[in-house]
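Lettering follows sequence order; numbering is per chain, from 1.
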Amino acid sequence: MKQKILIGALITILIAIAAVWFFVFYAPTHFKRDVADEKGIQITAASLVKAYQENETNANALYLDKPIEIKGEIAETKTDQAGNTTITLKSEDPFASVFCTLKKAEPSLKVGQTITVKGICTGFLSDVVLKDAIIVP
Amino acid sequence: MKNCLFILSLIFALQVSAQKMYSTKSGQVKFNASSPVETIRAVNNQGDSRWLESNGQLVFSVLIKGFKFENQLMEDHFNENYMESSKFPKAEFKGYINDLQRLDLTKAGANEVKAEGTLTIQGVSKKMTVKGTLTVLSSGKIMLKSDLKIKLKDFNISGSYIGSKIAPEATISLYCIYE
């Protein structure tokens, strides 16, 4: 009987050690944020650019570092220096658009096509910039 | 009257072509503050940069939240504790490439250049001279590469690990192909 309790206690301790190791040491360094698991804020490319042009501080409070689902027309698609696919979505202003770097290549995308892109907003330079974006079907 | 307008628009058009601007929205910026105990590096492929051929005026801006680390926890700490990227979302260099006129940008090859300007990180601006290489590629595109070292404390970047796990001096490497 005593032996059984001892073995039981030992197993519990081992599981506890494994759990602590996993949640404290393994998960925080190996977990990667994935926009696919997050619910995006829905908005059009035109209104997102407008929000940033009207008041950048307010727009940052609303959208910075948040997952955003943007609907817009493709103005341009390119491959950047690191080999990532990038797409530019049109807004009403020809000098400012939404610039997205995709997580994986999407060779079927065409200029003029209207699509929905989900990504994490990193802020506003000459365009509103999105990282780690995916195409929402 | 019509002729006059035509000549005016021609002059204007010529001026525009003389103001040739090179730009990119996907310049690469690497950040490295590794210490002997910890590898701390990040890449951002969304650097926005432009420069003018006529006078060498150059601007380079990058969003702090766009830096990607291999380790998510490090990325979170970088943004929240060290760079305060919600408060200061951008870093920027504004300045001029010196003596751009002496370079022949139609001839393929590498040229050493210096740019003088102001670097702003976390709301702190510092004047500095940055060395780099401006290479005219055989495709006619222009590539800019530069490595600069910054002392983190010069830009009010502080934290308990700086000097131990994090190097007190970080290297920022730029690599841009302009169109």
Answer yes or no: is there a side-chain heavy-atom contact under 4.5 Å between B:Phe67 and B:Glu75? no

Contacts with chain A made by residues 25-47 of chain B (heavy-atom distance under 4.5 Å), listed by residue number: B:Lys25, B:Ser26, B:Gly27, B:Gln28, B:Asn45, B:Gln46

With a 3.5 Å cut-off and no angle check, do the side chains of B:Gln72 and B:Asp76 form a donor-acceptor pair? yes

List, by chain and then residue number, the residues other than B:Tyr175 in its hydrophobic cluster (Ile/Leu/Val/Met/Phe/Trp/Tyr, side-chain heavy atoms under 4.5 Å); write none if there are no others. B:Leu137, B:Met143, B:Ile177

Cluster check B:Ile150, B:Tyr82: I/L/V/M/F/W/Y, side chain < 4.5 angstrom: yes

Any side-chain heavy atom of B:Asn79 sitting closer than 4.5 Å to one from B:Lys65? yes

Would you say A:Phe99 and A:Ile120 are hydrophobically clustered, going by side-chain heavy atoms of ILVMFWY under 4.5 Å? no

Any side-chain heavy atom of A:Ile43 sitting closer than 4.5 Å to one from A:Glu69? no

According to a hydrophobic-cluster definition based on side-chain heavy atoms being under 4.5 Å apart (Ile, Leu, Val, Met, Phe, Trp, Tyr only), do A:Ile70 and A:Leu102 belong together? yes

Salt-bridged, B:Asp147 to B:Lys145, with N to O below 4.0 Å? no

Going by an N to O cut-off under 4.0 Å, is there a salt bridge joining A:Arg33 and A:Asp132? no

Is the distance between the ring centroids of A:Phe124 and A:Tyr52 less than 6.0 Å? yes

Scanning both residues in full, the closest heavy-atom pair of A:Cys121 with A:Leu130 reads CA-CD1, 4.2 Å

State, without any angle test, whether A:Thr101 and A:Asn84 hold a side-chain donor-acceptor pair at a distance under 3.5 Å. no

Expected contact set for residues 84-101 of chain B against chain A at heavy-atom separation under 4.5 Å reads B:Ser85, B:Ser86, B:Pro89, B:Lys90

What residues of residues 120-129 of chain B sit under 4.5 Å from chain A when only non-hydrogen atoms are counted? none

